[in-house]
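Below is one structure, written out as structure tokens, with a few remarks after it.
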There are 2 protein chains.
Amino acid sequence: MGTELKSPEKPPDDARRSRLLDVALNVFLRYGFRKTSMDQVARAADVSRQGLYLHFATKEELFQATLQHAMESSLRSASEGLSDVSLPLEERLVRGFDAWVGRYVGMVGADAKDLTEVLSTMGLGEEAMRFEALFQEAVAKVLRASGLVAAYKSTGLTARQLTDTLYATARGLKYISGTREAFVQGIGVAVRALCMPLGASR
Amino acid sequence: MGTELKSPEKPPDDARRSRLLDVALNVFLRYGFRKTSMDQVARAADVSRQGLYLHFATKEELFQATLQHAMESSLRSASEGLSDVSLPLEERLVRGFDAWVGRYVGMVGADAKDLTEVLSTMGLGEEAMRFEALFQEAVAKVLRASGLVAAYKSTGLTARQLTDTLYATARGLKYISGTREAFVQGIGVAVRALCMPLGASR
DNA sequence: AATTGACAATCTGGGTCCATCTTGTCAAAT
DNA sequence: ATTTGACAAGATGGACCCAGATTGTCAATT
């Protein structure tokens, strides 16, 4: 069964690896790639530096795995939020954007400006765009299924356009908001405005 | 009549000064503050360096005047667009945001990241926020007058909240869009979605 | 499996020196 | 008014060196 699952690094290691990647993500987000040392990550994860090398051969491999893990993790929880049919549409959208964007608001330090640069250097730029596209498709799918797009029919706007607009709003809020709470508040307002045509009555 | 118009530097010089400031803005936007020399600005404006010093005593004074002029100019044209009653609401909003934000999309170079830093260093941060607030108030005013806020009554959203949402969208589009045209397109979609409750029928 | 201690090779940041660029000012010329 | 030419003081950037940090690997230990 499925010996070539297209995932290059998917031998389901342990939960330890996942924990290391979570810790590494936080450190990388605060200090960027250059100013983060393996020792720093190891200490933050309560592991020896060599223990870290036991899982990741080089710093770049750690970084790559960290980003990959973060994107998969964010997309997974975002998708879960978006597809939670037990919640009202607005709440699902807010949770989706919070998981995809809001989760990182206020976590990036001033030294972390090299992350995107290094990211594209390592060829992760395409992967990032792929995940971004997946998230956007998930949002668009929800908008279509909810009947929102139908409600906007008179405007001629597509699900994709509504998604892009909401996505741009989230990106703007990411820069404007100082805290995750402020972001959630802002995206909540945007979502409420967008969903208004479905009938905001209680 | 009004001998103290609160404007600190408003002796209505000539159009020459205004032209110099427009040129200076373009250079500053491309190369930032540090990497822009007085000679560079002078040459770009087809003036001698000393001719520039004849209008602005120091580089910092030039920078300060440039930003002040840009903010005033942007706010003026944004306000004109917003209050042009000969245009439909959507077009007015698009023109307003294009004048305030879109005008600068794609113009800022990689070396220009020190602009905001220097800006706040010189105490222009407060002034910038003041202009930002004025623009937002102008937008909110238009939204209220158009009846859009009333149309959103069932959601409980205020004019301020709708304005903030649109503003966040514009900020996001500023980072996402590579060109001014793409920005206008994006903000156009956002505005259309927002104005939908007023009846998008043709 | 993970840890400690240790190691050479390499990278980084600070410091100095020095040539060049830039600023701000001046006088003379148009 | 604006320009050209010139100037000293100061800022900037590149070259270079060096101490210390960091990386990646090893062996011995638990």
Side-chain angles (χ1 to χ4, degrees), chain A residues 9 11-67 109-115 117-119 121-122, chain B residues 9 11-67 109-115 117-119 121-122:
Chain A
E9 319 255 347
D13 288 62
D14 29 4
R16 188 175 190 85
R17 176 190 164 94
S18 179
R19 199 185 65 84
L20 288 177
L21 292 176
D22 281 336
V23 173
L25 178 64
N26 282 320
V27 181
F28 277 129
L29 284 182
R30 287 201 203 294
Y31 305 104
F33 179 75
R34 281 175 254 267
K35 308 199 79 169
T36 293
S37 68
M38 292 295 272
D39 190 61
Q40 210 173 151
V41 174
R43 272 188 280 104
D46 255 317
V47 204
S48 69
R49 194 165 62 88
Q50 290 74 358
L52 197 54
Y53 274 107
L54 213 57
H55 289 264
F56 309 97
T58 70
K59 182 181 175 181
E60 296 184 357
E61 186 182 317
L62 170 62
F63 182 72
Q64 199 168 328
T66 298
L67 279 255
D111 298 324
K113 292 174 186 169
D114 64 342
L115 286 186
E117 179 192 344
V118 178
L119 187 141
T121 297
M122 296 187 187
Chain B
E9 318 255 347
D13 288 62
D14 30 0
R16 186 174 193 83
R17 173 190 166 94
S18 179
R19 199 185 66 83
L20 288 177
L21 291 176
D22 282 334
V23 172
L25 178 64
N26 281 319
V27 181
F28 277 131
L29 283 182
R30 287 202 200 293
Y31 305 104
F33 179 75
R34 282 176 253 266
K35 308 198 80 169
T36 293
S37 68
M38 293 295 273
D39 189 61
Q40 209 172 153
V41 175
R43 271 187 282 104
D46 255 316
V47 198
S48 69
R49 197 165 60 89
Q50 289 73 0
L52 197 54
Y53 274 107
L54 214 57
H55 289 265
F56 309 96
T58 71
K59 182 181 174 181
E60 297 185 357
E61 186 182 317
L62 170 62
F63 182 74
Q64 199 168 329
T66 298
L67 279 253
D111 299 324
K113 292 173 186 167
D114 64 340
L115 286 186
E117 178 193 346
V118 177
L119 187 143
T121 297
M122 296 185 186

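Chain letters run A, B, ... following the sequence lines, proteins first, then strands; residues in each count from 1. The structure displayed is predicted, hence computed values, not measured ones. Just so you know, these numbers use all the heavy atoms, side chains as well, and skip hydrogens, waters and symmetry mates.
- In this structure, CZ in B/Arg49 is found 13.0 Å from CG in B/Leu54, a value given to the nearest 0.5 Å.
- Summarising the geometry, the separation between CE on A/Met38 and P on D/dT25 is reported as 10 Å, rounded to the nearest angstrom.
- No more than 12 heavy atoms of other residues, nucleotides or ligands sit less than 6.0 Å from atom OH of A/Tyr31.
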Provide a list of protein-nucleic acid N or O atom pairs under 3.5 angstrom, restricted to nucleotides 1-3 of chain D.
residue	atom	partner	partner atom	Å
D/dT2	OP1	B/Arg16	NE	2.7
D/dT2	OP2	B/His55	NE2	3.4
D/dT3	OP2	B/Ser48	N	3.4
D/dT3	OP2	B/Ser48	OG	2.8

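- As a whole-Å value, the separation of A/Arg19 CZ from C/dA2 C1' is 13 Å.
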Is there a side-chain contact (heavy atoms from CB on, under 4.5 Å) between B/Thr66 and B/Phe56 once you walk through the steps?
CA-CA 10 Å; B/Thr66 298; B/Phe56 309 96; over 6 Å; no

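- When the C1' atom of D/dA11 is taken as reference, atom NZ of B/Lys59 falls 10 Å away, rounded to whole Å.
- DNA chain C is contacted by both A/Arg34 and B/Thr36; A/Arg34 maps to the nucleotide lying nearer its 5′ end (nearest heavy atom per residue).
- Straight-line distance from the CZ atom of A/Phe33 to the P atom of D/dT23: 9 Å, rounded to whole Å.
- At whole-Å resolution of the value, NZ in B/Lys35 and C1' in D/dG13 are 10 Å apart.
- Across C/dT23, D/dT23, D/dG24, the shortest atom-to-atom separation from the side chain of B/Tyr53 is found for C/dT23.
- Rounded to the nearest 0.5 Å, atoms CG (A/Asp111) and CZ (A/Arg34) are 11.0 Å apart.
- In this structure, CZ of A/Phe56 is placed 16 Å from C1' of D/dT23, rounded to the nearest angstrom.
- Using a distance-only test at 3.5 Å, with no hydrogens or angles considered, a donor-acceptor pair links the side chain of B/Arg19 to the main chain of B/Ala45.
- Nucleotide D/dA21 holds its P atom 11 Å from the CG atom of A/Asp39, rounded to whole Å.
- Rounded to whole angstrom, the span from the CG atom of B/Asp111 across to the C1' atom of D/dG13 amounts to 14 Å.
- A donor-acceptor pair is defined here as one N or O able to donate and one able to accept, closer than 3.5 Å; no such pair exists between the side chain of A/Lys113 and the backbone of A/Gly32.
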